[in-house]
Amino acid sequence: MTSSLFDAFDAFPLILSLKVAALATVLALVAGIALGWLFARKPFPGSSVVESVFMLPLVLPPTVIGYAILVAAGRRSPLGKWVYEHFDYTIIFSWHGAVVASAVVALPLVLKSANAAFAGIDRSLEAAASTLGQSRWSVFVRVTLPLAWPGVLAGTLLAFARAMGEFGASLMVAGSIPNRTQTLSMAIYDATQAGQDDLALLLVVITSAISIAILVACNRYLSLR
Amino acid sequence: MTSSLFDAFDAFPLILSLKVAALATVLALVAGIALGWLFARKPFPGSSVVESVFMLPLVLPPTVIGYAILVAAGRRSPLGKWVYEHFDYTIIFSWHGAVVASAVVALPLVLKSANAAFAGIDRSLEAAASTLGQSRWSVFVRVTLPLAWPGVLAGTLLAFARAMGEFGASLMVAGSIPNRTQTLSMAIYDATQAGQDDLALLLVVITSAISIAILVACNRYLSLR
Amino acid sequence: MIDVDIELTVRDGARRFDLGVRFATEAPFAALYGPSGSGKSLTLQAIAGLLKPRAGHVRLDGRTLFDAARGIDLAPRERGVGYLFQHYALFPHLSVRQNIGFGLTTWRRRRLTPAQQARVDSLIERFGLSAMADSRPGVLSGGQQQRVALARALVREPSALLLDEPFAALNPMLRGALRRELAEVVRQARIPALMITHDIDDVLELADVAFVYQDGQVVRDVDLRKGESRDHARRALGDERPVESPMRQKLRHLLNDGPAAG
Amino acid sequence: MIDVDIELTVRDGARRFDLGVRFATEAPFAALYGPSGSGKSLTLQAIAGLLKPRAGHVRLDGRTLFDAARGIDLAPRERGVGYLFQHYALFPHLSVRQNIGFGLTTWRRRRLTPAQQARVDSLIERFGLSAMADSRPGVLSGGQQQRVALARALVREPSALLLDEPFAALNPMLRGALRRELAEVVRQARIPALMITHDIDDVLELADVAFVYQDGQVVRDVDLRKGESRDHARRALGDERPVESPMRQKLRHLLNDGPAAG
Amino acid sequence: QELTVSAAASLTNAFKEIGQQFEKNHPGTNVRLNFAASGTLLQQMAQGAPVDVFASADQATMDKAVAQKLIDTATRKDFATNSLVLIAPLQGGPAIGSLQDLSGAAVKRIAIGKTATVPVGNYTKEALESAKLWEPLQPKFIQADSVRQVLDYVSRGEVDAGFVYRTDAAVMQDKVKIVLTAGGHTPVSYPVAQLAESKHKALAGSFVDFLLSVPGQEILGRYGFGKP
Ligand SMILES: Nc1ncnc2c1ncn2[C@@H]1O[C@H](COP(=O)(O)OP(=O)(O)OP(=O)(O)O)[C@@H](O)[C@H]1O
Ligand SMILES: Nc1ncnc2c1ncn2[C@@H]1O[C@H](COP(=O)(O)OP(=O)(O)OP(=O)(O)O)[C@@H](O)[C@H]1O
Ligand code: MOO
Ligand SMILES: [Mg+2]
Ligand SMILES: [Mg+2]
């Protein structure tokens, strides 16, 4: 790789990718924990069908997911129209769109892992905590979640990796606008499409190295053991 | 949806998709369990880095993964060349390529979930089984795996969903050859790109319904509880 | 002080177990005694609010914790009882110290006040857990785990104590010491205690009254204080069982105290 | 029959525990007795092959299971011992029947032969588990779980029995019955048994010899058969401890057998 | 001021330079370039994406945009042309000198753009149809999802030949060779237009003007595009 190649490399997509992936992971984590808990602990008739519906972002091509988000939140949708008229804001072509798209695509990973983890917990530990005067929320935060954490963490790391790699849905919603909404994955895609193989390789190496570093660090510092 | 639309619908991609997803899931399951167990039970220096490397298929855009498989197994690669010369076979442009691509992309989902599940098992149960005269393999099959099953199953269902949805990497390796290697996701993608919204919607509905049915059934019959 | 009258059924496939117990006592320390599977643990769970009876009531020191007829059913955390679980139910992700202090803090306020800290430390000390205060329960011996569970149940100054075989994993010497600790706690705090035990000596040493279980019912109650006065019964029963032979006593001594002299 | 000489250290953070025990006996039934945390369970784990000692050896009936000097270290499954874990270690995903039959089958051959089936059924019967044979361990009472663990350890006709507090969760009546079962099993199979217990009566009823633990060492051994013959010691020790008072006996009776007459 | 330009993926390299040049010429202007497959761009605009200028790789997509009333039709202009070429791996592979050689037994696989979705596929179809080769060659076709994929297959020797634009072949000169320029298809021309809902009509107009200007055409030419 020549030094001109390094010149061609631009830190923006990297920073944007990390920002988007981090936010999307947080959103997926919160929603995934809540829904995973719900489906594990408060099943209702048909809840396994509803749970499977949340898996669809994995089943359908990302473009379809992106298109669905466009239809649901774009300027032509009632929601998007209202927001646009009142706040002069649209999620299309904004990096927020990439966050939403990545979160939707990453959600099933957290949800399913959290669900399995919550279902496997020894309920008598929760009972013990409740006899020790803890509120439901306190029991959840201090006992349930820590005990389920290995599974939830696994799902979260998967979600982060997926969010880093997401580009089909984001491309649709946020566009691939250099210095605005172009993430690393989009930049890689662009580089391959433009025949800039060296740049593509460089970007792949950077993305891989940084993702591995983050995953290893999270594994080490978030595993609580 | 008109009846002509139904005429336009063709069962081939559906059947191929199910076949590809099922085989890919089995491959990912076997490899994911083996690797997940290895990383949980026989950690070596740097094993968490190696584990994270297996997450890359999630981090990198599917096209890149597809390209990597092409490079590794294509006719110009030593492996591909050897196989081609001796068996007159190449994985490129065959649906086997889609299986390999989908399995690679689905692997991290099983691996990570299985890893967390294995790490969470009460080791004294394995010890008990070994004092009851069971070989290591017997302990694994009769105690370790059943206890880890909820987590492994969650990962497997994620893998199946992902394999159903995979098209970027498969497209590259298998091509999207109608009636040969075109899966449902590829067909959906094609339809959306060609602006055939009705067909795309029909295909999305079919894919979703079938995937949900399979996921719900697996959840019910494979959960062992 | 304790007034329990509950009916409940647990099911597991085709098998079902019906619990229908009723007992009440003013005595501060009551024991539940009876065969394996007779419903003792289920009774404590119902009192703690972890199982909901079909009918009946649970009252402690005049407070109604549960009353099916009046629609009262306090949540476990509102019942303020200290519960030692038969299988300890120690939090595997917390250290011994954190397990013991758990009930004094909440998700919001996780630091102990100096007074609470002192209380935790004194329990750790009294139960001989100082050396392993920072260990996780998983690496403790059975008896050490049981003592952690006992300390954890006592730490909140509960309004009643429910103890499911608190000394089962302890050897006689420690058992004696902990019996004295427990008797002291109950006396000082003036709280009612309900203890399941299989050890008659536990009953004899600690309890004022014992309720004898059989197949989900209380079949008999034994007043252990009154017994003392009924001197004629003493002699009447005296020869029904052989007094402990000196041989046995000697062996008992050998096991507990040191080599036998000659 | 049993010859144990092991040294090992377990660590947990800054805390460490050193076990250095040596004992040997020709007696068929030996008891390990001693305070909580003195290393009894660790000893059984080392004998079963679940912990690897730093030095020493383990021999059972002339078979060498472990010998650090000669580099012998049989895998747990090759040692052929029946081990009842202190916390039972029952398989939560299997029914009582499957737990008990577990050791008779392998991953390849999961069906029991009729003879094995009969053996499992008879253990279920003898240990009073018939009603709950198809339940999972999670819904059993403490004593029921302990009996499942005992039956599971006995089912394979092991070449030795390691029992970590086999009766702790059982009430005295059941305990007596199971003691007799166990004594019968050990006598019939002519296998050595090593039992940890906190109950002196267990020791007195079952054991031929007891090794007394203290801080990771065997500090004393008590020969329970010889004791019988030393008649003078009997009298010498006779008054050191009060004989059980008739009062206590009466209460004992009340708790166990029925309402006191008179 | 911000100008959003949605451009077909095959225009990426040229438009990046044009965008920079345009910003230089219009200080205070910020050109946001959005690249994707033409179909994706159309879907975005149909859902109200705030786009000012749309540059498509084919007339069909632009026609669809017109049909959906997204476009200010008066502003539609062709700004570049391209040509369809037959490429083969630089090394190895059967000798190919003409379109007819493709029917030879030595040629086993031919990569083309997907006719339904990739513009280049349509041109290929037209070219082969006029050479009466479309039907006979059917069994040999591998329909790739993008021009880039055709290039990859050819460059890695997975196929014996492929059809791409001249501009694409140019970026892989070290791995593929241009066998011939195919004729017999409608001219490959790239249309550009302003969006009906554009908020920066004047600026959008100057961008289109710049594309057609001499400096604009010079840049496009450097990337292999022909004059309209
Ligand atoms: N969750 C449950 N589901 C079904 N049956 C249960 C459940 N919990 C307990 N049982 C059954 O109820 C009966 C009473 O159980 P309980 O635990 O109260 O016994 P116990 O008196 O405490 O016995 P032990 O002294 O052996 O602990 C037992 O037969 C047990 O198998
Ligand atoms: N895995 C371990 N890691 C560290 N320390 C341990 C581990 N297992 C046991 N110990 C410590 O070793 C000591 C001996 O434990 P062991 O379980 O042998 O005691 P024990 O004699 O069986 O006691 P009890 O009668 O209470 O069961 C204890 O202090 C215990 O905390
Ligand atoms: O530039 Mo295109 O629309 O990907 O052929
Ligand atoms: Mg109980
Ligand atoms: Mg022990």
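So you know, we letter chains A, B, ... as the sequences are listed, proteins then strands, and number each from 1. Here the structure is a predicted model, which is why all the values come from computation and not from measurement.
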Residue pair D/V139 / C/R15, side-chain heavy-atom distance below 4.5 Å: yes

Per-residue contact mode, C/Q145 against chain D (heavy atom under 4.5 angstrom): side chain

Region of C/F17 that comes under 4.5 Å of a non-hydrogen atom in chain D: neither

Heavy-atom pair count under 4.5 Å with chain D, highest-scoring of C/A14, C/G34, C/A31, C/G13: C/G34

Max heavy-atom pair count under 4.5 Å with chain C, selected residue of D/K40, D/R147, D/R175: D/R147

More than 12 heavy atoms from other groups under 6.0 Å of CG on C/D12: yes

D/R22 atom CZ: more than 12 heavy-atom contacts under 6.0 Å: no

D/S141 versus C/G37, closest heavy-atom pair with distance: OG-N, 3.4 Å

Heavy-atom closest contact (C/A169 atom, D/Q86 atom, distance): CB-NE2, 4.4 Å

C/S41, part contacting chain D, at a heavy-atom distance under 4.5 Å: neither

C/S36 side chain to D/Q144 backbone, donor-acceptor under 3.5 Å: yes

For C/N171 against D/H198, the heavy-atom pair lying closest together: CB-ND1, 3.1 Å

